[in-house]
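One structure is given below, encoded as structure tokens.
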Amino acid sequence: MVVVRVAPSPTGDPHVGTAYVSLFNYAFRRKHGGRFILRIDDTDRTRYRADSEAAIMRELAWLGLSWDEGPDVGGAAGPYRQSERTDLYREACEELVRKGAAYRCDCTPERLEKVREEQQKRKEQPRYDGHCRERRLPPGPPHVVRLKVPLDGETTFMDGLRGAITIAHKTVDDQVLLKSDGFPTYHLATVVDDHRMGVTHILRAEEWINSTPKHVLLYHAFGWPLPKWYHLPLLRNADRSKISKRKNPTSITWYREGGFLPEAMLNFLALMGFSLGDDKEVFSLEEFVDAFEPDAIKTSGPIFDLQKLEWLNGVYIRQMAPAELARRLRGVSAVARDADERKLLTTIPLVQERMKKLTEYDELCDFLFRDAAPVGAEELVPKGRTPAETAAMLRRARDVVAATDPVPATLEAGLRALAEGGGWKAKDLLMALRFAVSGKKVTPPIIESMCVLGRDACAARIEAAAARLGG
RNA sequence: GGCCCUAUCGUCUAGCGGUCUAGGACGUAGCCCUCUCAAGGCUAAGACGGGGGUUCGAGUCCCCCUAGGGUCACCA
């Protein structure tokens, strides 16, 4: 049986990188059966944010990346918050010290800083100088516990995507495993928990490759079997640096509130690391899971292209059943939120192929639910027409609108006949009506829009516009 | 800088020695459709980083270089 996990740190907004790694873990678990664990890596008390854990779970759930075990659902290997497992890490550390694989260290931050400065002055690798390696400090006084990395030799481990990776021990620092506050660092906690939770496959970000030897050393010291690692490529900014808050929206919440659909996010994220073939770019989570093969994950870091995500989001919006789209719109659009259901539904066909994001609904449709902004002659009067002519034409159009059933084909026929009869181009009349009725230049099809708005409201707006032209 | 990873159009990618005068998608440009904007259709520009090998034959295998990225914390 396969056991995978994702271990986000509750230090801020739920990160899109967490969604990315979660997606692949989720697919792996779905493909091979087994369990997917959500573990909260809250061992850094200084960066901890109380609201972050709930936000992470909320956004992963929004994406549909469900987990089998976690802080909220529990499970046999709990607790699933590392801050609630500190006894385990402390015991593990004692075992390591006893076995000679780790040692206590009471060097002060000041001393470490000084050592680092000197090393840098001599252009050496900044790293712990081993001062406490052989001191055999007793438990008790304030100290940390460090991993006793062999001075010579190297560690080789297998990466599922890259094959064997070898790293010389002299480039591996005597990493702190247990901090002076009694909390473990990532390295200790992840190894202890992954083992105790039975994790068999670790799909995590590439940035961990260089510290994997530390983890291998820990597994060996404990006498535990190694999991299989898959280091996923890092999502990138446009300049190819690791994706970051300053250069990209990284909060999943931002995407949800910004009108992106979870299915589009998932599809896009999958595209950033996997290919279902050259002509298969739009696919469901189910299709992805079916096709997923861990060995086929990409190794090069993809640039997070917001434009392509938006395109994909538009594809999903267009594919969606109208009633479902209406339901989703209520979640993010202020206009749709408290709209009458029937009226909301009638607007869907007008906007479905015009939105890339759900949030665009407001800009497109607000005039159907609220008063339109008044516009002047500049907008209303077509080229080659006078304000007086336009006012007169608008009034005739108002009469047609007021006397015609609000059915697109009927209304269109009436208005086109009116334009033709008056020597107007239909598009000039319709553009004037667009401004008169909506107050703007770009709208959904104006005839359909007028039918949604209703005869009285349209007539009133058209009359108001004509009046503004001084007619 | 040391170490590690990566390398096909601007971007995401197909390609697993010959079918590659390198295919698709986003984006860009033009045209068509058209009441605006979209959507849709058609067309165009656009890539195998460089150098050595291996081989009858290399985008595809190997090496070097170059470039980009990651990592060198009592952060994850």
Side-chain angles (χ1 to χ4, degrees), chain A residues 7-9 11 41-44 46-47 105 107-109 112-113 116 120 123-128 142-146 159 161-162 165-168 170-173 175-187 189-190 204-213 231 233-234 236 238-242 268 271-282 298-312 314-315 318 350-356 360 364 412 415-416 419 425-435 438 440-449:
Chain A
S9 195
T11 53
D41 192 338
D42 57 350
T43 56
D44 185 340
T46 58
R47 292 203 302 154
C105 165
C107 293
T108 61
L112 295 175
E113 185 49 39
R116 247 192 294 275
Q120 274 164 352
K123 298 201 333 202
E124 289 172 13
Q125 288 313 291
R127 52 175 302 181
Y128 183 62
H143 66 272
V144 302
V145 175
R146 286 181 184 275
D159 179 275
L161 308 180
R162 289 162 254 262
I165 295 176
T166 299
I167 293 175
K170 64 181 177 195
T171 69
V172 182
D173 205 358
Q175 184 63 235
V176 169
L177 301 176
L178 198 66
K179 299 181 264 190
S180 55
D181 64 2
F183 281 80
T185 59
Y186 170 87
H187 308 282
T190 196
R204 64 173 14 163
E206 188 181 16
E207 55 188 333
W208 293 109
I209 285 181
N210 282 302
S211 44
T212 304
H231 288 96
L234 253 16
R236 313 287 190 94
D239 64 4
R240 295 216 169 268
S241 57
K242 173 165 82 166
F268 177 71
L271 237 26
M272 300 277 88
F274 201 83
S275 172
L276 298 210
D278 56 341
D279 60 344
K280 188 72 176 173
E281 290 212 298
V282 180
K298 299 302 160 243
T299 47
S300 54
I303 290 173
F304 193 97
D305 182 358
L306 198 53
Q307 276 197 316
K308 185 147 185 176
L309 205 210
E310 289 184 346
W311 164 75
L312 200 50
V315 170
R318 273 171 256 134
L350 311 195
V351 299
Q352 188 155 16
E353 66 187 28
R354 275 167 244 273
M355 291 189 294
K356 289 206 292 248
E360 289 165 8
L364 243 23
E412 178 163 13
L415 290 172
R416 282 186 186 279
K425 285 189 284 189
K427 62 197 310 177
D428 284 346
L429 204 217
L430 291 170
M431 202 62 211
L433 285 170
R434 185 187 315 283
F435 272 116
S438 76
K440 46 191 161 190
K441 185 177 185 198
V442 175
T443 70
I446 197 58
I447 290 167
E448 283 81 349
S449 296

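Letters A, B, ... are given to chains in the order of the sequence lines, protein chains preceding strands, and every chain is numbered from 1.
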Could you let me know what [N] is paired to, Watson-Crick or G-U wobble, both distances under 3.5 Å, or none if it's on its own?
| N | result |
| --- | --- |
| B/rU60 | none |
| B/rU71 | B/rG2 |
| B/rA44 | B/rU28 |

List the residues meeting side-chain contact (heavy atoms from CB on, under 4.5 Å) with [X], not counting sequence neighbours, and say none if there are none.
| X | result |
| --- | --- |
| A/Thr299 | A/Leu161, A/Arg162 |
| A/Asp279 | none |
| A/Gln125 | none |

Categorize A/Lys298 for me: base, sugar-phosphate, or nothing, with a 4.0 angstrom heavy-atom threshold over every strand shown. sugar-phosphate
Report which part of the nucleic acid A/Gln307 touches: base, sugar-phosphate, or nothing (heavy-atom distance under 4.0 Å, all strands). sugar-phosphate
Under 3.5 Å donor-acceptor, [X] side chain and [Y] backbone:
| X | Y | result |
| --- | --- | --- |
| A/Asp173 | A/Gln175 | no |
| A/Asp41 | A/Tyr186 | no |
| A/Arg354 | A/Leu350 | yes |
| A/Thr185 | A/Val176 | yes |
| A/Glu448 | A/Pro444 | no |

Could you give the distance separating [M] and [N] at their [atom1] atoms, to the nearest angstrom?
| N | M | atom1 | result |
| --- | --- | --- | --- |
| B/rA44 | B/rA7 | P | 31 Å |
| B/rC16 | B/rC74 | P | 48 Å |
| B/rC5 | B/rG10 | C1' | 24 Å |
| B/rG24 | B/rA47 | C1' | 14 Å |
| B/rC33 | B/rG40 | C1' | 8 Å |
| B/rG15 | B/rA29 | P | 31 Å |
| B/rU60 | B/rG52 | P | 14 Å |
| B/rG49 | B/rU6 | P | 16 Å |

Value in whole Å for how far the [atom2] atom of [N] lies from [atom1] of [X]:
| X | N | atom1 | atom2 | result |
| --- | --- | --- | --- | --- |
| A/Glu281 | B/rU11 | CD | P | 16 Å |
| A/Glu310 | B/rG27 | CD | P | 10 Å |
| A/Asp305 | B/rG27 | CG | P | 9 Å |

Can you name the salt bridge (Lys or Arg N to Asp or Glu O under 4.0 Å) partners of A/Glu412, sequence neighbours left out?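 Per chain and number, A/Glu412 pairs via salt bridge (Lys or Arg N to Asp or Glu O under 4.0 Å) with A/Arg416.
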Earlier contact from the 5' end, RNA chain B, for A/Ile167 and A/Ile303: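 The residue whose closest nucleotide sits nearer the 5' end is A/Ile167.
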I'd like to compare against my own output: the B/S/- annotation of nucleotides 64-76 of chain B with a strict under-4.0 Å heavy-atom distance to protein. ----SSBSBSBBB
One character per nucleotide, please: for nucleotides 29-48 of chain B, 5' to 3', B when the base has a protein heavy atom closer than 4.0 Å, S when only the sugar-phosphate does, - otherwise. ------BBBBSS--------
Between the base of B/rG2 and the side chain of A/Glu124, is there a donor and acceptor pair under 3.5 angstrom? no
Tell me, yes or no, whether the heavy-atom count around A/Lys440 atom NZ, taken from other residues, nucleotides or ligands under 6.0 Å, exceeds 12. yes
